[in-house]
Amino acid sequence: NPDGYIINGGGVETDHTVIIGKPANQAQNFETRVKFSNLNMKIKPTPQRMPGVAIMSGSKVYLTLEGDNVIDASARTDAPAIGINEALELKDEHLNPYKNLDPAHLIIGGTGSLTALGGQRATGIGGIKKSSGGSGSFGKLTINSGHIIAKGDKGAENKSSNNTAA
């Protein structure tokens, strides 16, 4: 949708993840606009380490905040509220000519607020912990406007690059 997508609603617990971007088998860099409008998302505990919202590798997402928005992943282990995926090197020869995807880039703006609560050993906004036990690197984060509160749990760590706040 060239005008973007609106995600709103509130209060219901979910075990689903909102995925923004294209799957790796449709690998190409992707750009979209998304608006959170009074979103209240509480993530149920599951064995998966998926965040509440996942920004896929190769995606550039312009997120506009309207009203008060909360993504609470505190009941999950190793899952941030918003996961910004790192660069991805594709090994599948059937995906030619796309071999690599850029790191995801989340650009936040708007007049609203966002509270992002990460799960156990996870950040509010950032990387997804590797199943091998290493810490999760993540893509780019730019905050142009809005009021952002991102809280992680103890043991959370991120390795980031090119992150800015205006």
Side-chain angles (χ1 to χ4, degrees), residues 5-21 23-24 32 34-88 101-110 112-166:
Y5 299 90
I6 298 174
I7 302 173
N8 59 21
V12 178
E13 283 191 321
T14 182
D15 55 1
H16 298 287
T17 295
V18 174
I19 297 175
I20 302 173
T32 193
V34 175
K35 180 188 291 183
F36 286 175
S37 179
N38 295 307
L39 175 67
N40 184 2
M41 187 175 179
K42 184 153 180 73
I43 311 303
K44 290 180 184 178
T46 63
Q48 295 83 14
R49 293 184 168 120
M50 291 298 292
V53 175
I55 311 296
M56 302 305 289
S57 299
S59 300
K60 186 174 193 177
V61 177
Y62 294 90
L63 174 61
T64 301
L65 301 175
E66 180 179 271
D68 296 323
N69 301 279
V70 177
I71 302 172
D72 182 353
S74 60
R76 282 210 179 150
T77 301
D78 298 331
I82 299 177
I84 306 171
N85 288 350
E86 62 188 323
L88 178 65
L101 292 174
D102 294 335
H105 187 182
L106 177 61
I107 300 116
I108 300 176
S113 67
L114 172 64
T115 300
L117 305 174
Q120 299 166 29
R121 298 186 310 264
T123 61
I125 301 173
I128 300 170
K129 192 166 183 144
K130 307 289 185 203
S131 59
S132 62
S135 63
S137 297
F138 69 101
K140 299 176 184 178
L141 171 63
T142 303
I143 301 171
N144 291 326
S145 60
H147 180 77
I148 313 297
I149 298 171
K151 292 184 179 181
D153 186 52
K154 63 182 176 186
E157 70 177 279
N158 269 325
K159 296 177 183 177
S160 64
S161 61
N162 300 321
N163 298 310
T164 58

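Quantities reported herein were computed from a predicted structural model and do not represent experimental measurements.
- Going from atom CD1 of I125 over to atom CD1 of I108 covers 4.5 Å, rounded to the nearest 0.5 Å.
- Using modelled atom types, one side-chain atom of R76 and one backbone atom of K44 make a donor-acceptor pair closer than 3.5 Å.
- For G21 against S59, the heavy-atom pair with the smallest separation is CA-OG, 3.2 Å.
- Taken to the nearest 0.5 Å, the CD1 atom of I71 stands 4.0 Å off from the CZ atom of F36.
- The closest side-chain heavy-atom distance from I84 to K140 is not below 4.5 Å.
- Put simply, the side chain of L114 reaches to within 4.5 Å of the side chain of I82, judged on heavy atoms.
- Between M41 and the choices V18, V70, I7, N69, the side chain to side chain contact (heavy atoms under 4.5 Å, CB included) rule is met once, by V18.
- At a threshold of 4.5 Å between non-hydrogen side-chain atoms, the residues E66 and I6 do not count as touching.
- Side-chain atoms of T17 come within 3.5 Å of backbone atoms of P51 as a donor-acceptor pair (strictly under, hydrogens ignored).
- With rounding to the nearest 0.5 angstrom, the CG atom of D78 is 4.0 Å from the CZ atom of R121.
- Counting only heavy atoms from C-beta outward, the side chains of I148 and L65 approach each other to under 4.5 Å.
- Contact between G139 and P103 at its shortest, heavy atoms only, is CA-CB, 3.7 Å.
- Using a 4.5 Å heavy-atom threshold, the side chains of L141 and I143 count as touching.
- Contact of the I107 side chain with the T142 side chain is registered, since non-hydrogen atoms from C-beta on lie closer than 4.5 Å.
- Considering all non-hydrogen atoms of both residues, A73 and A79 come closest at CB-O, 3.9 Å.
- Distance check, rounded to the nearest 0.5 Å: CG of D68 to OG1 of T115 gives 7.5 Å.
- Atom NE2 of H16 and atom CE of M50 lie 12.0 Å apart (nearest 0.5 Å).
- The two atoms that bring S145 and G109 nearest to each other are OG-CA, 3.3 Å, heavy atoms only.
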